[in-house]
Protein chains: 2
Amino acid sequence: MSKQSIGPLTPVAMDDCRVPLVNEPLNADQAERLAPSFKALGDPIRLRLLSLIASHEGGEACVCDLTDAFDVSAPTISHHLKVLRAIGLVTSERRGTWIYYRAEPAALDLLSTLLSVPQEVGV
Amino acid sequence: MSKQSIGPLTPVAMDDCRVPLVNEPLNADQAERLAPSFKALGDPIRLRLLSLIASHEGGEACVCDLTDAFDVSAPTISHHLKVLRAIGLVTSERRGTWIYYRAEPAALDLLSTLLSVPQEVGV
DNA sequence: GATCTGCTTAGATGTCAGTCAAAATAAACG
DNA sequence: CGTTTATTTTGACTGACATCTAAGCAGATC
């Protein structure tokens, strides 16, 4: 596999991907940029982490809230959070002792749109 | 990582996952069932394959149509198609000499819904 | 400033995934 | 029935990834 340095899933860098993939074929470049995001969601722990963060009250969650929910070590959770952060699905902010993670709705929305299946009104 | 035998992403087996992950936290079981689908989308070639198939005229594409679009060998394409088929994102049917692949809209829709971000009307 | 707690980084290890060449299967066709 | 074409399976190789322990760093508190 080629070295794919995963860039952040920012709206600007992805504007040409805001089309359902059932509508027109993705080109190689678009696929290379999008795949890392799905790969990041392809781990059960990361999927739950994202869901826990996004659904947490206040829209954010402290790492300490997250670590307890899993059977793996704290460094492993930290690693998974780093992956989610690297592609822009979450952001983090330190406030005093704790670090808070927050989901990035625009990134989620982009991926959701990409997978969406438009209603074929006339068919 | 635990052995995760990827089962097909059938609507029935996934009915409890039809909720945006930002709404409520996924439990471990749901995450284990959903993650393989995103993992399957986490490869650029598979992402393009799915898009090529879904956007192809008639809603289906012959393997020969697909193989030419990539720089990898035919067995590699076959392998990726098998992954997409195993989780139920596509189906295949042989007609004469050729095998045709077709996208499974229900599976795509499920994943799209999961990633969707509901409008917070009141906030 | 010593120490405690929260979190991340570094390094090591075992497993998994993507790729290819070669062989196998399957249908069509002479 | 032998050959050709289309696709898959097998087996091997290589690189990537999830996980852990141990160590590092950053605030807070005494």
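Chain A is the first sequence line, chain B the second, and so forth, proteins listed ahead of strands; every chain is numbered from 1.
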Revision key, fill the gap. Checking C:dT8, D:dT9, D:dA18 against the side chain of A:R46 (C-beta onward), the nearest is D:dA18
Check your understanding: Which whole-number value in Å describes the distance from A:L81 CG to C:dT9 P?
Key -> 11 Å
Review point. Between A:K82 and C:dT8, does any side-chain N or O lie under 4.0 Å from OP1 or OP2?
Key: no
Check your understanding: Under 3.5 Å, side chain of A:S112 to main-chain N/O of B:S112, donor-acceptor pair present?
Key -> yes
Review point. Phosphate oxygens OP1/OP2 of C:dA17: is one of them under 4.0 Å from a side-chain N or O of A:K39?
Key: no
Review point. With B:L84, which of B:D43, B:L89, B:L47 fulfils side chain to side chain contact (heavy atoms under 4.5 Å, CB included)?
Key: B:L89
Exercise for review: Quick one: name the residues clustered hydrophobically with B:Y100, using the 4.5 Å side-chain heavy-atom rule over I, L, V, M, F, W, Y, and just say none if it's on its own.
Suggested key: B:W98
Review point. How would nucleotides 20-30 of chain D be written as a contact map, 5' to 3', with B for base contact, S for sugar-phosphate-only contact and - for no contact, using protein heavy atoms under 4.0 Å?
Key: BBB---SSS--
**Study point:** Separation of atom CD in A:E93 from atom P in C:dG6, rounded to whole Å
**Key:** 19 Å
Review point. Among all residues two or more places apart in sequence or in another chain, which pass the side-chain hydrogen bond (donor to acceptor under 3.5 Å, both in side chains) test with B:R46?
Key: B:H80
Check your understanding: For A:F70 and D:dT19, what is the distance between atoms CZ and C1' respectively, to the nearest whole Å?
Key -> 15 Å
Review point. Once you round to the nearest 0.5 Å, how far does CD1 of A:I99 lie from CG of A:L66?
Key: 11.5 Å
Review point. For the helix from C:dG1-D:dC30 to C:dG30-D:dC1, how many degrees between its two end axes (five pairs per end), to the nearest 10°?
Key: 10°
Study note, to complete from the structure: Rounded to whole Å, NE2 of A:H79 lies from C1' of C:dT8 at a distance of 12 Å
Review point. Side chain to side chain donor-acceptor pair (under 3.5 Å): which pairs involve residues 82-92 of chain B, sequence neighbours left out?
Key: B:R85-B:Y101
Check your understanding: Excluding sequence neighbours, so at least two apart, what forms side-chain hydrogen bond (donor to acceptor under 3.5 Å, both in side chains) with A:S55?
Key -> none
Practice item. Could you tell me which residues satisfy side chain to side chain contact (heavy atoms under 4.5 Å, CB included) with B:S73, sequence neighbours excluded, listed by chain and number? Key: B:P75, B:T76
Practice item. Any pair with a residue in residues 21-31 of chain A that passes salt bridge (charged side-chain N to carboxylate O under 4.0 Å, His left out), sequence neighbours left out, goes on the list, sorted by first then second residue, please. Key: A:D29-A:R33
Exercise for review: Would you indicate what A:I77 reaches in the nucleic acid, counting non-hydrogen atoms under 4.0 angstrom: base, sugar-phosphate, or nothing?
Suggested key: nothing
Check your understanding: Between A:Y101 and C:dG6, is there a side-chain N or O to OP1/OP2 distance below 4.0 Å?
Key -> no
Exercise for review: Return the value, rounded to whole Å, for the distance between atom OH of B:Y100 and atom C1' of C:dA27.
Suggested key: 13 Å
Practice item. Provide the full list of salt bridge (charged side-chain N to carboxylate O under 4.0 Å, His left out) pairs with a residue in residues 52-77 of chain A, sequence neighbours left out, each pair given once. Key: A:E60-A:R95, A:E60-A:R102
**Study point:** Integer-rounded Å distance: D:dA18 P and A:L47 CG
**Key:** 13 Å
Exercise for review: Please tell me which of the listed nucleotides, C:dC7, D:dT7, D:dA18, lies nearest to the side chain of B:I99?
Suggested key: D:dT7
Check your understanding: Which ILVMFWY residues are connected to B:V19, directly or by a chain of links, through side-chain heavy atoms under 4.5 Å apart?
Key -> none
Check your understanding: Hey, can you pull the residues of residues 59-67 of chain A with a non-hydrogen atom under 4.0 angstrom from DNA chain D?
Key -> none
Exercise for review: Return the set of residues passing side chain to side chain contact (heavy atoms under 4.5 Å, CB included) with A:A69 (not counting sequence neighbours), or none when no residue passes.
Suggested key: A:R48, A:L52
Check your understanding: At under 4.0 Å, does any side-chain N or O of B:H80 touch on OP1 or OP2 of C:dT19?
Key -> yes
